[in-house]
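Report on the structure given below.
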Amino acid sequence: MNIDKILLQSSEYLLHACDKQTEEMFPEKIADIVKFHAKGAALSALGTAWVPGAGAFIANAAGIGFIWGMYARINNAIDLKTSENITKTLASGIVTNLGAYFIGNTLLSAAFSFIPGLGSVGASVLTGGMVYALTIVSGLIYLKILTNIFTAGKDPSTFSSSQLKKFAESAKNEMDIEGIIDSAKNYFKDNYSDEAEKAARKK
């Protein structure tokens, strides 16, 4: 599964559904918002993943902030006005809902972080990939939520956080979450592992 391809395709579907594709707004712009925040979340995680035991959990919490920011930027890009509180609540809810897919890696990263030297490097790289994947899949779920709502002829800004969470669950069930997560982790490993290791060795 190609992460760049699925992001572009999902962005194109959204822009078509909300009739926002113009010369200024094209799929690559939406896809770049998701990738920018995913990288930011991952590199931020490198600053905490080395902390013995708690680092992976701190990194995941920090990742929610990047996901909320990503949703806000997507909303702004397509001129969608919705409350900040609903956007934050939805971001937190989606991350919580995806927790089962990441708990094994979180525990493994926590265990790595207790090992001096290379253990902290391994924890940082593992956690960076995990947070990157979490942000990518959260972004794709959000694009799918909005696409489904716009396709149905509805206005997403009129929905409550609980209603949006139901759309999120439906969107998640329509996607190959495990496949996306694996592909995103591999993408991070192929493109950012050297950067992650250098950052970890500086701690």
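The shortest non-hydrogen separation linking Pro156 to Leu164 is O-CD2, 4.4 Å. In this structure, Gln163 and Phe159 approach most closely via the heavy-atom pair OE1-CA, 3.3 Å. Heavy-atom minimum distance, Thr87 versus Ala72: CG2-N, 4.2 Å.
Under the 4.5 Å side-chain heavy-atom criterion for Ile, Leu, Val, Met, Phe, Trp and Tyr, Met175 and Ile67 are members of the same hydrophobic cluster.
Judged as a side-chain hydrogen bond (donor to acceptor under 3.5 Å, both in side chains), and not counting sequence neighbours, the contacts of Ser162 are Ser160. The salt bridge (Lys or Arg N to Asp or Glu O under 4.0 Å) check on Asp182 picks up nothing, with sequence neighbours excluded. Residues that satisfy the salt bridge (Lys or Arg N to Asp or Glu O under 4.0 Å) test with Lys165, not counting sequence neighbours, are absent from this structure.
Among Ile141, Thr147, Asn148, the single residue meeting the side-chain contact (heavy atoms from CB on, under 4.5 Å) criterion with Ile145 is Ile141.
Annotation: Glu174, atom CD; neighbour count of heavy atoms from other residues, nucleotides and ligands within 6.0 Å is above 12.
Not one N or O on the side chain of Asp79 forms a donor-acceptor pair closer than 3.5 Å with the backbone of Asn75.
Ile74 is listed as a side-chain neighbour of Val34, based on a closest heavy-atom distance under 4.5 Å. At a threshold of 4.5 Å between non-hydrogen side-chain atoms, the residues Tyr13 and Leu143 do not count as touching.
Between Tyr71 and Tyr142, the ring planes lie parallel to each other; the angle is under 30°, not in the 30° to 60° tilted range.
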